[in-house]
Amino acid sequence: MALVVASVVVLSGTAVLGAGAVAVAAPAGRAVSAAPAVSVEPAVSAASVEPATSAGRVAASVPEADVSHHGHVVLWDAGLAVRVRTENHGPSSLAGVTVRVRTSVALAERQELPQNCLQTDRWTVLCRTGALRADGAQERRLAFELRLAGRPDEVVVWVDTLWNGGAADRNPGNNDHEVLALATGDEYVF
């Protein structure tokens, strides 16, 4: 029987939503407490790991998925509307996906976000989608408005997948987007 060892990854000020674990970073050189955090990532079980190979390495089967994000952003005054549609074109179903939305302009300190979203720093919002079937017929929609710290003439918005349950995604071109939005009130599609 193979022994599965869980490792902790410390991300600077980042929380992972969905079915993943929250990791909180301490400043460089300081220890991080091993106190339990909110569990949002599925636990790895010994049943999901194949037996050790002849070289003594553990071979694990990795699910494969094709997550896609499409939508639009609209910039006006100090507001940024974000609309994202997330799908999974398979071949494996996913327990959930964490969508990351980052902006080139700092966000206002206080945001009103949907229950499945949180602001992790002055430029980043994370949102969980919930389960996604592999056939692409199921989609999850996110819609929220962000308040910006100022009134920029333009903002660059990055939308990507932060977490997908550890599935391999060989087509990241449809889930990794960079959009320049001008303060015209027009929709900029990705």
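Between V74 and D186 there is no side-chain heavy-atom pair separated by less than 4.5 Å. At a threshold of 4.5 Å between non-hydrogen side-chain atoms, the residues R128 and R140 do not count as touching. Residues D169 and T161 are not in side-chain contact: their nearest non-hydrogen atoms beyond the backbone lie 4.5 Å or more apart. Taking 4.5 Å as the limit, every side-chain heavy atom of E145 sits out of range of all side-chain heavy atoms of Q111. No side-chain heavy atom of V125 sits less than 4.5 Å from a side-chain heavy atom of V99. Residues L126 and W163 fail the side-chain proximity criterion, which asks for heavy atoms closer than 4.5 Å. With a 4.5 Å cut-off on side-chain heavy atoms, N174 and D66 count as touching. For the pair H69/V67, a side-chain contact is recorded, criterion being any heavy-atom separation below 4.5 Å from C-beta on.
Remark: side-chain polar atoms of T129 are not paired, donor with acceptor, to backbone N or O of G96 under 3.5 angstrom. Although no hydrogens or angles enter the test, the distance criterion places a donor-acceptor pair under 3.5 Å between the side chain of R83 and the main chain of F144. With hydrogens and angles disregarded, a donor-acceptor distance shorter than 3.5 Å links the side chain of S92 to the backbone of E64.
Closest approach of S68 to N175, counting heavy atoms only: CA-CB, 4.1 Å. In terms of heavy-atom proximity, P152 sits nearest to L75 at O-CD2, 4.1 Å. Between S93 and R133, the shortest heavy-atom distance links the atoms OG-CA, 3.6 Å. Of all non-hydrogen atoms in N88 and A65, the two that sit nearest each other are OD1-CB, 3.5 Å. In plain terms, the two heavy atoms of W158 and T103 that are nearest each other are CZ3-C, 3.8 Å. The minimum heavy-atom distance between W123 and L107, with the atom names listed, is C-CD1, 4.1 Å.
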